[in-house]
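A quick write-up on the structure given underneath.
Every chain is numbered from 1 and lettered A, B, ... according to where its sequence line falls, protein lines coming before strand lines.
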Number of protein chains: 2
Amino acid sequence: MARKRFENFCCSTAQTLDQIGDWWSLLIVRDLFSGARSFTALADNLGVARNILTDRLKRLLEHGVIEKAPPRNEDERFAYRLTEKGRDLLPVMIALMQWGDKWVRGAGCEPLVVVDARDGKPVRPMRVRAWDDRELGLAEIRALPGPGADADAEGQAPLPAQA
Amino acid sequence: MARKRFENFCCSTAQTLDQIGDWWSLLIVRDLFSGARSFTALADNLGVARNILTDRLKRLLEHGVIEKAPPRNEDERFAYRLTEKGRDLLPVMIALMQWGDKWVRGAGCEPLVVVDARDGKPVRPMRVRAWDDRELGLAEIRALPGPGADADAEGQAPLPAQA
DNA sequence: CAGTATCCTCGCAGATACTG
DNA sequence: CAGTATCTGCGAGGATACTG
């Protein structure tokens, strides 16, 4: 059988991956965060085949992550732009980027530092926080089914401490 | 030509995706966060083919995201466990999960609420924060090449405000 | 239990030419 | 510029049987 789709997985993570988890979508989102707007700019930046880019843009449009906006200059016919849903991926992108900068940055690879535009200081590392702002580690959190959840779904084990 | 690898992309995001960005790896990590430990448990939970699981585990081991630990009971020969590098994916996982719960949760899908184990309150939504703890939006941040970065790489455009 | 080995299928993706 | 259309193929991924 071919690739398995995650649409029917009863898990936010899986569903999310089904919308933005493929190889190119997240990089497209990243480029949109970085200011790319036109089809050609994206194609050139990413080095992706045009038909693949078309497909990914279509999916992102369908999922409401991006939208088409009027062009800003004569060089482009219109501009791709992140929707609110897309902009809401900012924490994900920053968390990924910070993890990458910390753990996987390889030889000759630029560490991209995300800074506060006001003072130029780097943004804080992303942390999981409780309501009293205390930082929470893996051992201090649990995953519970929210309201309306299926009690005996397969996600029973609530994030136990690993150590 | 076949699939393009992201290893040579000069961008943390791309490099990160090369390590954990494929369809199954993140779900494996998620299951490890959730307490799964054995090969069979992972295979059953995810419904992934055994050879694929083997391959992903091997890659995650090579990248140092997971490690093998002694078994805890008679049913398992040893246990897979997240390393520090792997546990550091917690903000990414939480951010993804929260995004999914907010935007892509579909019909009959349980919203997984991550809570503080002390008081049972949900953890705060992941936010990008400045050093003074102010929340930063897309318009208020910039991406700069960090120390040792290649100035004229292709990632020049520093996150301009989209609106 | 925890994999390995094999076979096979189809989806992802690259290249390129063409249209509006 | 912004795609669409078509051809091609690698290899990811599934199924299953086998091993230690």
What is the distance, to the nearest angstrom, from the [atom1] atom on [X] to the [atom2] atom on [N]?
X        : N       : atom1 : atom2 : value
Arg77(B) : dG20(D) : CZ    : C1'   : 7 Å
Ile28(A) : dA13(C) : CD1   : P     : 10 Å
Ile66(B) : dA2(C)  : CD1   : P     : 13 Å
Glu76(A) : dG3(D)  : CD    : P     : 11 Å
Leu53(B) : dT16(D) : CG    : P     : 17 Å
Leu27(A) : dA13(C) : CG    : P     : 11 Å
Leu42(B) : dC1(C)  : CG    : C1'   : 13 Å
Arg59(B) : dG3(C)  : CZ    : C1'   : 19 Å

Under 4.0 Å: is that the gap between some side-chain N or O of [X] and OP1 or OP2 of [N]?
X        : N       : answer
Trp23(B) : dG11(C) : no
Thr54(A) : dG3(D)  : no
Ser38(A) : dC1(D)  : no

task: Under 4.0 Å between any heavy atoms, over every strand shown, what does Lys58(B) touch: base, sugar-phosphate, or nothing? Just pick one.
output: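 Here Lys58(B) touches no strand at all.
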
field: Side-chain touch Asp132(A)/Arg118(B), heavy atoms, less than 4.5 angstrom
entry: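 Yes, their side chains come closer than 4.5 Å.
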
message: Would you say that Trp99(A) contacts Lys85(B) through its side chain, given a criterion of any heavy-atom pair below 4.5 Å between the two side chains?
response: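 Yes. Closest side-chain heavy atoms under 4.5 Å.
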
field: Distance, nearest 0.5 Å, that separates CZ of Arg77(B) from CZ of Phe39(B)
entry: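 Here the rounded value is 10.5 Å.
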
query: Rounded to the nearest 0.5 Å, how far apart are CG of Leu42(A) and CH2 of Trp24(A)?
result: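 It is 11.5 Å, given to the nearest 0.5 Å.
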
Closest to side chain of [X], choosing from [options]:
X        : options                  : result
Tyr80(A) : dG3(D), dA2(C), dA15(D)  : dG3(D)
Phe78(B) : dG14(D), dA13(C), dG3(C) : dG3(C)
Ile52(B) : dG13(D), dA2(C), dC1(D)  : dG13(D)
Arg56(B) : dG13(D), dG20(D), dG3(D) : dG13(D)

message: For a quick check, tell me whether the side chain of Arg50(A) and the base of dA15(C) share a donor-acceptor pair closer than 3.5 Å.
response: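 No such pair is found, so the answer is no.
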
- request: Decide yes or no, distance alone: a donor-acceptor N/O pair under 3.5 angstrom between the base of dG14(D) and the side-chain of Asn51(B).
  value: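 Side chain to base: pair found, below 3.5 Å.
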
query: Per the side chain to side chain contact (heavy atoms under 4.5 Å, CB included) rule, which among Leu53(A), Ile28(A), Thr54(A) passes with Val48(A)?
result: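 Considering Leu53(A), Ile28(A), Thr54(A), a side chain to side chain contact (heavy atoms under 4.5 Å, CB included) with Val48(A) is found only for Leu53(A).
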
query: With both distances kept under 3.5 Å, what pairs with dT16(D), Watson-Crick or G-U wobble?
result: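 The answer is dA5(C), by the H-bond criterion.
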
